[in-house]
K.L.:
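Here it is: the structure, laid out below.
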Amino acid sequence: MSVPLKTPDEIEGMRVAGRLASELLDHLTPSVQQGVTTKEVNDLAHAYMVNVQHTTPATLNYAPPGHAPYPASLCTSVNHVVCHGIPGDKKLKDGDIVNIDVTVIKDGYHGDTSRMFLVGKPSIQAKRLSDITYEAMWRGIRSVRPGAHLGDIGATIQRFAEGHGYSIVREFCGHGIGRQFHEEPQVLHYGRPGTGLELQPGMIFTVEPMVNAGRPGIRCLADGWTIVTADHSLSAQWEHTVLVTADGYEVLTVSAGSPPPP
Ligand code: MF3
Ligand code: CO
Ligand code: CO
């Protein structure tokens with residue numbers, strides 16, 4: 001397994017891409033409302049990327065081996081959709097929880113981040129799931145430092161989420177990122193402390209736990225992309241792109257509208 005260590009120039013490129021990805025979510029935030037379709041959010045994002053940011057939507061026509069090209073400029077995953085929800089004509093409604101996941105390419109570098117949005121007044125349970133998932137991501141990020149292991153990140157996230165009665169989706173993970181959208185290493189959101197790759201300064205990867213209110217099992221819909229919980233329970237996800245620094249970590253996907261760390 002080869003995990004690239006980024007040069008100072010590459011790190012600066014990734015800072016720019018990360019900030020732009022986060023600013024894109026800031027731009028979308030006021031529009032994520034009842035009555036708005038996820039396709040409308042997609043189109044707003046696409047126009048902002050292409051015309052304002054001069055970035056490229058990495059997801060549009062993204063086609064990993066065995067997959068049809070992904071047909072949209074972001075992912076919108078509503079309620080029991082775990083990830084990779086395809087924007088469509090369904091309107092967001094009061095009480096929905098939706099993950100919006102964006103990946104922009106700027107000067108060849110990828111910035112990948114997602115947030116949960118609560119539409120109208122969600123149930124206490126739905127808000128708690130989003131909040132716990134957010135804190136799980138942050139606890140994972142805070143375990144990042146040189147000499148720590150990937151298993152420390154996964155174990156921290158798993159212990160926290162399962163400790164609140166939730167489950168971790170196993171089939172999808174964080175990933176190295178740079179000039180490629182998905183590169184080594186795989187960053188599992190479960191595991192055992194002290195196991196797996198030892199972290200070194202210059203590594204860049206995402207931390208993006210998917211947490212289900214019910215059982216961990218998932219199913220893929222007939223469109224070949226949309227992942228849902230097998231038991232139809234709610235699912236939440238948050239994502240940041242993170243650099244390993246000499247003494248800890250730096251979150252690259254930050255902007256004025258980033259929610260404060262817990
Ligand atoms: N942004 C997602 C991630 O965090 C990947 C989406 S791939 C797509 O890795 F094709 F579904 F858009
Ligand atoms: Co990602
Ligand atoms: Co993403």
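Computed from heavy atoms alone, side chains included, the values below leave out hydrogens, waters and symmetry copies.
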K.L.:
Is the positively charged end of Arg170 above the ring of Tyr190, judged by distance under 6.0 angstrom from the centroid and angle within 45° of the axis?
P.N.:
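So Arg170 does make the cation-pi contact.
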K.L.:
Salt bridge check, Asp96 against Lys93: does any charged N sit closer than 4.0 Å to a carboxylate O?
P.N.:
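Salt bridge between Lys93 and Asp96, a charged N being under 4.0 Å from a carboxylate O: yes.
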K.L.:
Given side chains that start at C-beta, do those of Val187 and Glu208 come closer than 4.5 Å, heavy atoms only?
P.N.:
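No, side chains not in contact.
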K.L.:
What's the shortest heavy-atom distance between Ala213 and Tyr166, and which atoms?
P.N.:
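In this case the closest contact between Ala213 and Tyr166 is CA-CD2, 3.7 Å.
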K.L.:
So how far is it from Ile157 CD1 to Trp138 CH2, rounded to the nearest 0.5 Å?
P.N.:
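So the CD1 of Ile157 and the CH2 of Trp138 are separated by 12.0 Å.
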K.L.:
Look only at the side chain of Gln158 and the backbone of Gly191, and say whether a donor-acceptor pair between them is shorter than 3.5 Å.
P.N.:
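Flag set: sc Gln158 to bb Gly191 pair under 3.5 Å.
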K.L.:
Find out whether the Lys NZ or Arg CZ of Arg179 is both under 6.0 angstrom from the six-membered ring centre of Tyr109 and within 45° of the ring's axis.
P.N.:
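Cation-pi check for Arg179 and Tyr109: passes.
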K.L.:
Assess the side chains of Ser22 and Arg115: does a donor N or O sit below 3.5 Å from an acceptor N or O?
P.N.:
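Looking only at side-chain atoms, Arg115 and Ser22 do form a donor-acceptor pair, the distance falling under 3.5 Å.
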K.L.:
Side chain to side chain contact (heavy atoms under 4.5 Å, CB included) for Ile168 and Met210? Distances and angles first, verdict last.
P.N.:
CA-CA 6 Å; Ile168 299 284; Met210 279 151 258; over 6 Å; no
K.L.:
For the residue pair Tyr134 and Trp238, categorise the inter-ring angle as parallel (less than 30°), tilted (30 to 60°) or perpendicular (more than 60°).
P.N.:
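Tilted: the ring planes of Tyr134 and Trp238 meet at 30° to 60°.
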K.L.:
Do the side chains of Arg15 and Glu250 get close enough for a salt bridge, i.e. N-O under 4.0 angstrom?
P.N.:
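Looking at Glu250 together with Arg15, the answer is yes, because their closest N to O distance falls below 4.0 Å.
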K.L.:
With a 3.5 Å cut-off and no angle check, do the side chains of Ser255 and Asp26 form a donor-acceptor pair?
P.N.:
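Result is yes, a qualifying pair exists.
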K.L.:
Do any N or O atoms from the side chain of Thr253 and from the backbone of Gly18 form a donor-acceptor pair under 3.5 angstrom?
P.N.:
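No, because the side chain of Thr253 does not come within donor-acceptor range (under 3.5 Å) of the backbone of Gly18.
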K.L.:
Report yes if the distance between the aromatic ring centroids of Tyr62 and His67 is under 6.0 Å, otherwise no.
P.N.:
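Centroid distance Tyr62-His67: not below 6.0 Å, so no.
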K.L.:
Look up atom CD in Gln237 and atom OG in Ser114, then write down how far apart they are to the nearest 0.5 Å.
P.N.:
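Those atoms lie 4.5 Å apart.
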K.L.:
Is there side-chain contact between Asp112 and Asp101, with heavy atoms separated by less than 4.5 Å?
P.N.:
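Yes; the side chains approach each other to less than 4.5 Å.
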K.L.:
Side chains of Val251 and His240, heavy atoms from C-beta outward: is any pair under 4.5 Å?
P.N.:
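Yes; the side chains approach each other to less than 4.5 Å.
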K.L.:
Is the distance between the ring centroids of His189 and Phe160 under 6.0 Å?
P.N.:
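No, ring centres 6.0 Å or more apart.
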K.L.:
Hey, is the main chain of Gly196 close enough, under 3.5 Å, to the side chain of His149 for a donor-acceptor pair?
P.N.:
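Answer holds: yes.
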K.L.:
State the OH-OG1 distance between Tyr70 and Thr59, to the nearest 0.5 angstrom.
P.N.:
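With rounding to 0.5 Å, OH (Tyr70) is 6.0 Å from OG1 (Thr59).
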K.L.:
Verify the neighbour count for atom CZ of Arg192: are there more than 12 heavy atoms of other residues, nucleotides or ligands below 6.0 Å?
P.N.:
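Atom CZ in Arg192 is not crowded, with 12 or fewer foreign heavy atoms closer than 6.0 Å.
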K.L.:
When you check the gap from the basic side-chain N to the acidic O, do Lys106 and Glu12 get nearer than 4.0 Å?
P.N.:
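No.
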K.L.:
Are Val78 and Ile97 packed together at the side-chain level, in the sense that at least one heavy-atom pair is separated by less than 4.5 angstrom?
P.N.:
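Contact flag for Val78/Ile97 side chains = no.
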